[in-house]
Amino acid sequence: MSIAAVSCDLAAEEAINRIRNYSGSATVCCVLSYNRDTNRLSFSEFFGEDTQPALEWALSALNYSNVQYLFCSVSDSLNTGLSKKVLIQWIGESAPESVKATALQHLPSVSRLLQPIHLNVTARYQPVSKSFKGSF
């Protein structure tokens, strides 16, 4: 995978447009993954109106050995009532280091591809130690 611009296949474009144009009150999400060792994003899975809770199901679908993107539309019911778009870049702990580094450099390109983005989050899996005795 190189640092060249990121593109997406037709199924990914359709899923992105479905999220981008969604204005309902439910949360809808799609998971996008790199197509093998390319800079091309492919559609992996859609979680929507009939899947409750969509965000939790989508997060559980992320793979620990890949870099993936979760693109969601969530309702801002506390403020405007409008739909806000959220991008979560998932960096799986078992993904190759070279892919992790390149994916971090891809984030601006992916954000432009999916715009508008109201919130951008980079996430990774990190197990919590059972010996942790702190408080929050």
Novice: If we only count heavy atoms from C-beta on, is the Asn120 to Ser111 side-chain gap below 4.5 Å?
Specialist: yes
Novice: Considering residues at least two apart in sequence or located in another chain, which fulfil the side chain to side chain contact (heavy atoms under 4.5 Å, CB included) criterion with Arg40?
Specialist: Ser7, Asp9, Asn35, Thr38
Novice: For the atom pair CD (Glu13) and CG (Leu113), what is the distance rounded to the nearest 0.5 Å?
Specialist: 8.0 Å
Novice: Work out which heavy atom in Ala58 is nearest to a heavy atom in Leu70; give both atom names and the distance.
Specialist: CB-CD1, 3.4 Å
Novice: Minimum heavy-atom separation for Ala15 to Phe43, with atom names?
Specialist: CB-CD1, 3.3 Å
Novice: Side chains of Phe47 and Val31: does their closest heavy-atom pair fall under 4.5 Å?
Specialist: yes
Novice: For Lys100 and Glu93, which heavy atoms make the closest approach, and how far apart are they?
Specialist: NZ-O, 3.2 Å
Novice: So how far is it from Glu97 CD to Thr102 OG1, rounded to the nearest 0.5 Å?
Specialist: 11.0 Å
Novice: List the atom of Arg20, the atom of Gln115, and the distance in Å for their closest heavy-atom pair.
Specialist: NE-O, 2.9 Å
Novice: For residues Ser25 and Ser75, report the shortest heavy-atom separation together with the two atoms involved.
Specialist: O-CB, 3.5 Å
Novice: Taking the side chain as C-beta and beyond, is there a heavy-atom pair between Gln68 and Asn63 under 4.5 Å?
Specialist: yes
Novice: To the nearest 0.5 Å, how far apart are CD1 in Ile117 and CG in Leu87?
Specialist: 4.5 Å
Novice: Which heavy atom in Ala61 sits nearest to a heavy atom in Glu45, and how many Å separate them?
Specialist: CB-OE1, 3.9 Å
Novice: Can you list the residues that meet the side chain to side chain contact (heavy atoms under 4.5 Å, CB included) rule with Thr122, with sequence neighbours excluded?
Specialist: Gln89, Ile91, Leu104, Leu107
Novice: Under 4.5 Å between any side-chain heavy atoms of Val74 and Leu119, yes or no?
Specialist: no
Novice: Any chain of hydrophobic side-chain contacts (each under 4.5 Å) joining Leu62 to Val121?
Specialist: yes
Novice: Can you classify the ring geometry of His106 versus Tyr34 as parallel (below 30°), tilted (30 to 60°) or perpendicular (above 60°)?
Specialist: tilted
Novice: Could you state the interatomic distance from SG (Cys29) to CD (Glu56), rounded to the nearest 0.5 Å?
Specialist: 9.0 Å
Novice: Could you tell me whether Phe46 and Phe71 have their ring centroids closer than 6.0 angstrom?
Specialist: no
Novice: To the nearest 0.5 angstrom, please state how far the SG atom of Cys30 sits from the CG atom of Leu41.
Specialist: 9.5 Å
Novice: Would you check if Leu32 and Ile16 make a side-chain contact, meaning some heavy-atom pair closer than 4.5 Å?
Specialist: yes
